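Notes for the one structure printed next.
As the structure is a prediction and not an experimental result, all values here were calculated from the model.
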Amino acid sequence: MDSSKLGPHVYAIADLAYRQMMAPERISQSILISGESGAGKTESTKIVMLYLTTLGTSHSDDAKEEKMGDMSTMERVLQSNPILETFGNARTLRNDNSSRFGKFIELGFSRGGTLLGAKVQTYLLEKVRLGFHASGERNYHIFYQLLRGATDEQKKRYNFHDGDTHGLELSNYYHYTGQGGAPNLREFTDEEGLKYTMKAMRSIGWDAVKIDKVLSLIAGLLHLGQVNFDSVENEGGQEVAAIANDTDLKSAASLLGVDETMLRSALTERILVTRGEAITIQVAPEKAADSRDALTKTIYGALFLWVVSEVNNSIIWKNESEVRSSTGVLDIFGFECFAVNSFEQLCINYTNEALQQQFNKFIFKMEQLEYEREKICWDFISFPDNQDCLDTIQSRPSGILAMLDDECRLGARGNDRNWADR
């Protein structure tokens with residue numbers, strides 16, 4: 001059967017990419033998987049990865065590795081995906097397993113077409129989700145897996161006490177997981193998810209100590225989210241923040257591996273440096289809560305980058321000179337529209353619009369111009385042109401991003417209202 005006469009299919013696209021990569025020219029390939037949230041991008045990525053890695057190991061010596069007790073290159077590459085999903089995917093209203101980050105996975109092949117390894121690049125993790133998520137949605141999977149799948153011993157180690165929740169399930173009790181109602185996933189349970197995640201962690205070489213340190217950080221962030229602030233009057237008569245619950249602060253500091261006093265200061269104070277002199281200023285409760293969430297985003301963002309680095313250390317090819325060609329798979333995050341949209345979501349949607357315009361340009365606009373030049377009879381294809389949408393966001397000097405840059409350059413004089421009024 002002539003595959004060229006068939007409609008687009010994920011297996012056919014993966015097969016074509018491999019065959020073109022193995023052609024005499026050895027031209028590296030890229031596969032872009034895009035679409036709105038819930039369209040099936042993550043699952044399509046898994047299929048492409050499985051197909052390409054299967055082809056790349058079908059005539060290799062990996063069977064010898066498995067007999068010796070080691071995982072094959074294919075298995076290590078495929079096992080890396082559940083770890084990235086656990087730390088980078090979350091439930092949205094459209095999708096139970098929505099990628100909240102973008103990733104580019106490059107598979108490296110030898111001259112003979114054998115899979116040598118892979119490397120992952122990630123970008124734009126949706127960190128705003130850590131501090132807030134809407135009703136019916138969830139934070140990142142790892143939080144719920146730990147709270148619901150932890151053993152009694154782990155709960156004791158990470159200070160998860162069911163008796164402190166006033167009858168609420170742990171996932172509904174904690175601030176960072178309970179805002180959306182902590183719904184269960186339809187396809188699998190969080191208890192199963194934790195077992196699968198820990199199996200994947202062990203498969204790429206993480207020992208028990210490393211796994212415990214990662215889970216301790218996750219537990220520490222959950223306790224940090226429980227730290228609330230009372231309003232007290234300082235010596236100058238100003239309303240400032242004071243820690244309302246020392247127990248959660250102590251648990252957070254212990255699990256995060258930081259000094260409790262320094263953590264308290266980081267949440268309730270800010271340092272202003274003027275002319276080489278440092279002045280400590282106590283902040284209001286609202287600002288302290290913002291500091292807490294900002295610290296959580298920073299720690300989780302750093303942890304996510306470390307996880308990606310550890311994954312790469314496990315799956316990357318050993319010798320760069322052996323790689324003759326590669327196939328890259330780009331899995332971008334999907335278009336979403338929430339009740340409250342963050343700047344990160346604007347960037348995500350902008351990326352989707354830009355990629356759609358690139359597709360329109362090459363598939364429709366350039367082909368139709370070519371037909372006109374060659375005077376070929378054809379029926380004009382109408383398609384939605386989103387250039388106006390892109391211009392609204394990116395044009396200079398009146399685009400949304402350009403005006404935001406201008407406002408940021410004003411420093412302390414810049415503010416949200418000025419930007420909105422423009």
Side-chain angles (χ1 to χ4, degrees), residues 125-134 139-140 143 159 164 173-180 216-305 338-346 404-421:
L125 176 70
E126 187 191 37
K127 289 182 283 189
V128 70
R129 180 169 294 272
L130 291 156
F132 170 79
H133 54 276
N139 209 321
Y140 291 104
F143 292 106
N159 296 330
D164 297 337
Y173 172 72
Y174 281 91
H175 174 65
Y176 283 154
T177 54
Q179 297 173 45
S216 292
L217 286 174
I218 295 300
L221 293 179
L222 287 168
H223 286 290
L224 183 59
Q226 295 303 100
V227 176
N228 294 314
F229 306 92
D230 289 331
S231 179
V232 298
E233 191 173 298
N234 66 5
E235 296 177 356
Q238 295 176 313
E239 295 292 323
V240 297
I243 302 294
N245 41 350
D246 281 340
T247 301
D248 285 309
L249 182 72
K250 290 178 181 177
S251 295
S254 174
L255 290 164
L256 293 174
V258 299
D259 181 76
E260 181 187 339
T261 303
M262 293 184 69
L263 180 59
R264 184 188 301 270
S265 297
L267 297 177
T268 59
E269 299 172 353
R270 67 184 178 93
I271 298 176
L272 179 65
V273 179
T274 58
R275 298 179 181 178
E277 182 182 359
I279 302 173
T280 301
I281 301 174
Q282 294 176 296
V283 300
E286 299 80 17
K287 294 293 184 182
D290 290 341
S291 296
R292 177 199 64 198
D293 292 343
L295 182 59
T296 299
K297 295 172 189 177
T298 301
I299 294 173
Y300 192 84
L303 173 62
F304 182 75
L305 292 177
F338 301 113
V340 178
N341 292 283
S342 66
F343 177 72
E344 289 168 341
Q345 192 60 48
L346 170 65
L404 178 59
D405 285 341
D406 292 341
E407 204 64 33
C408 290
R409 291 190 190 101
L410 295 176
R413 292 178 295 149
N415 58 64
D416 297 346
R417 181 170 295 279
N418 290 343
W419 183 40
D421 289 343

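- When atom types are taken as modelled, the side chain of Gln179 and the backbone of Gly131 share a donor-acceptor pair closer than 3.5 angstrom.
- The closest side-chain heavy-atom distance from Leu267 to Leu224 is below 4.5 Å.
- Side-chain atoms of Ile218 and Leu303, non-hydrogen and from C-beta on, do get closer than 4.5 Å to each other.
- When atom types are taken as modelled, the side chain of Thr177 and the backbone of Tyr173 share no donor-acceptor pair closer than 3.5 angstrom.
- Taking both residues in full, the closest heavy atoms of Thr280 and Glu269 are given as CG2-OE1, 3.3 Å, listed atom of the first, atom of the second, then distance.
- Between Leu222 and Tyr174, the shortest heavy-atom contact is O-CD2, 3.5 Å.
- Going from atom CG of Leu404 over to atom CH2 of Trp419 covers 4.5 Å, rounded to the nearest 0.5 Å.
- Counting only distance, with no hydrogens or angles, the side chain of Thr268 and the backbone of Arg264 share a donor-acceptor pair below 3.5 Å.
- Listed here is the closest heavy atom pair of Ala266 and Ser291: O-CB, 4.1 Å.
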(request) Determine, step by step, whether Glu407 and Leu410 satisfy the side-chain contact (heavy atoms from CB on, under 4.5 Å) criterion, reporting the C-alpha distance in whole Å, the side-chain angles of both residues, the deciding distance to 0.1 Å, and the verdict. (result) CA-CA 5 Å; Glu407 204 64 33; Leu410 295 176; 3.6 Å; yes
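- Asn139 contributes a side-chain N or O that, together with a main-chain N or O of Tyr176, makes up a donor-acceptor pair within less than 3.5 Å.
- Nearest heavy atom pair, residue Leu255 against residue Ser216, reads CB-O, 3.5 Å.
- Other residues, nucleotides and ligands contribute over 12 non-hydrogen atoms within 6.0 Å of the CG atom of Asp421.
- Inspection of the Glu239 and Ser231 side chains reveals an N or O donor paired with an N or O acceptor under 3.5 Å.
- For the atom pair NE2 of His133 and CD of Glu126, the computed distance is 11.5 Å after rounding to the nearest 0.5 Å.
- Proximity of the aromatic rings of Tyr300 and Tyr140 is defined here by a centroid distance below 6.0 angstrom, and this criterion is met.
- From Leu263, atom CG reaches atom CG of Leu295 across 6.5 Å, with rounding to the nearest 0.5 Å.
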(request) Walk me through it: do Ile271 and Ile279 pass the test side-chain contact (heavy atoms from CB on, under 4.5 Å)? (result) CA-CA 6 Å; Ile271 298 176; Ile279 302 173; over 6 Å; no
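- For Lys287, the NZ atom counts as loosely surrounded, since its 6.0 Å shell holds 12 or fewer non-hydrogen atoms of other residues, nucleotides or ligands.
- Applying the side-chain contact (heavy atoms from CB on, under 4.5 Å) test between Leu249 and each of Glu260, Gln226, His223 identifies Glu260 as the sole match.
- In this structure, Ile243 CD1 and Arg292 CZ are separated by 9.5 Å, a value rounded to the nearest 0.5 Å.
- To the nearest 0.5 Å, atoms CZ (Phe143) and CG (Leu221) are separated by 5.5 Å.
- Note: Gln238 CD to Ile281 CD1 = 9.0 Å, rounded to the nearest 0.5 Å.
- Residues Val240 and Val283 fail the side-chain proximity criterion, which asks for heavy atoms closer than 4.5 Å.
- Not one N or O on the side chain of Gln282 forms a donor-acceptor pair closer than 3.5 Å with the backbone of Asn234.
- Formation of a donor-acceptor pair under 3.5 Å by the Asp259 side chain with backbone atoms of Met262 is found in this model.
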